[in-house]
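Scroll down for the structure; my scribbles are underneath it.
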Amino acid sequence: MNVQARNDRRRWIGIALAPILIASVLYGIGSGSVSISVPEIWRIVFNEGDPAHEAILWNLRLPRVLVGLLVGACLAASGALLQGVMRNPLADPGIIGVSAGGGLAAVVALVLFPQFGYLLPGFAFGGALLSAMMIYLLAWDGGSSPTKIVLAGIAVNALLGGVMNGIMVLNSDRIQSVIPWLAGGLAGRSWPHLQFLLPYAVIGLSLVPFAAKASNLLTLGDQSAQSLGQHVERQRFLIVALASLLAGAAVSVAGLVGFVGLIVPHAIRLLIGDDYRYLLPYSIAGGAALMVAADTAARSWFDPIELPAGVLLACIGAPFFLVLLKRRRLVR
């Protein structure tokens, strides 16, 4: 594909993402056991709608959709950054220990200290960041490398996962409250969750554009990046820290949602290439739209049962990767 054709594709995809994002928001606000049409949503905005629909929109659906937008954006941005800095198409927030660290902290909060259950987001966020930093320290030996970080992440994930399973086995009478969180989803998310997530998400996402240049250079390899004047170790640490902040914020309110950080950057990369100036913002928009659409489908398609969004995303993400692997486009 020549440069002009690629630029045209990037332009059209960027234009298309805006209506896709708007459509996902309208879908999330309007769908459910009580349907709210687009004209009714418009009337509600101007305080002219049905009071019952107005209460549903403002108190239940809007905060959940806003949380979904931020969670999807954070996970997709985190996955895109990690895939670049580690030069690994399978990298995602789970590989840096966020899932295991956040999961263990949540299990401790819900099972061992249920009286502090209201502090679950803070527990999960702190556990996610601590485990990510522990992995980076373990990978450090006069320097780090993508391979060392991946191997340290696998080891720490296994250790923390074993501790988490052990706690649940020893306290099997109290694990019912943990299962939905481990499955991942936005059930019951409301304005307090948005207030907790918002500052971390805003800070993290506002820093993402500044990582585009370094991510582009690090994908060339350490030697090439150094020859171009980059401080490789410092850049890698800062990008991993930023990815940890984004993923930790998302995990803290949505639980162990998987595949958003994997499939969205891959899909965008297949369409527009590896330039992080475009890959990062497009992944943010795509991740936000996917998370809201998946959560809405999970709660409305199986009514009266609400399926966790993480389950539905896993059912979508696994076949996606199998198709990529079959076409030999995942492993180069």
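In this text the structure is predicted, and so the values were computed from the model without any measurement.
Using a 4.5 Å cut-off on side-chain heavy atoms (C-beta onward), Q83 and R269 make contact. Residues R43 and D50 are not in side-chain contact: their nearest non-hydrogen atoms beyond the backbone lie 4.5 Å or more apart.
The number of heavy-atom neighbours closer than 6.0 Å to CD1 of I15, taken from other residues, nucleotides and ligands shown, is above 12. A 6.0 Å sphere centred on CH2 of W191 holds more than 12 heavy atoms belonging to other residues, nucleotides or ligands. No more than 12 heavy-atom neighbours from other residues, nucleotides or ligands sit within 6.0 angstrom of CZ on F237.
Ring geometry for F196 against F125 counts as perpendicular: the plane angle is over 60°, on a 0 to 90° scale with 30° as the lower cut.
Remark: side-chain polar atoms of N171 are paired, donor with acceptor, to backbone N or O of I167 under 3.5 angstrom. With R299 contributing its side chain and A309 its backbone, the two residues share no donor-acceptor pair below 3.5 Å. Between the side chain of R277 and the main chain of P209, no donor-acceptor pair closer than 3.5 Å is present. Looking only at distances, no side-chain donor or acceptor of S78 sits under 3.5 Å from a matching main-chain atom of C74. Remark: side-chain polar atoms of H193 are paired, donor with acceptor, to backbone N or O of S190 under 3.5 angstrom. Side chain of W58 to main chain of P63: no donor-acceptor pair is present (N/O by atom type, distance under 3.5 Å, no hydrogens or angles). Using modelled atom types, no side-chain atom of Y27 and backbone atom of I22 make a donor-acceptor pair closer than 3.5 Å. A donor-acceptor contact shorter than 3.5 Å is absent between the side chain of Y200 and the backbone of A250. Listed for the S35 side chain is no donor-acceptor partner under 3.5 Å among the backbone atoms of S31. Side-chain atoms of R9 come within 3.5 Å of backbone N or O of L271 as a donor-acceptor pair.
Minimum interatomic distance between L245 and G204 (heavy atoms only, all atoms of both residues): CD2-CA, 4.0 Å.
Linking Ile, Leu, Val, Met, Phe, Trp and Tyr whenever their side-chain heavy atoms come within less than 4.5 Å puts V38 and L21 in one cluster. Hydrophobic clustering (ILVMFWY, side-chain heavy atoms < 4.5 Å, transitive): W12 and L270 are in distinct clusters. No continuous path of ILVMFWY side-chain contacts below 4.5 Å connects L104 to L170, so the two sit in separate hydrophobic clusters. Connection of V156 to V108 is established within a shared hydrophobic cluster, with ILVMFWY side chains joined at heavy-atom distances below 4.5 Å, either directly or through further cluster members. Linking ILVMFWY side-chain heavy atoms closer than 4.5 Å, directly or via other members, places I20 and L313 in two distinct hydrophobic clusters.
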Legend entry - Steps toward side-chain contact (heavy atoms from CB on, under 4.5 Å) verdict (L246, L75): CA-CA 7 Å; L246 290 165; L75 289 175; over 6 Å; no
Legend entry - Steps toward side-chain contact (heavy atoms from CB on, under 4.5 Å) verdict (D92, V260): CA-CA 9 Å; D92 82 321; V260 176; over 6 Å; no
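A salt bridge between E306 and R64 is present, with a side-chain N of the basic residue lying under 4.0 Å from a carboxylate O of the acidic one.
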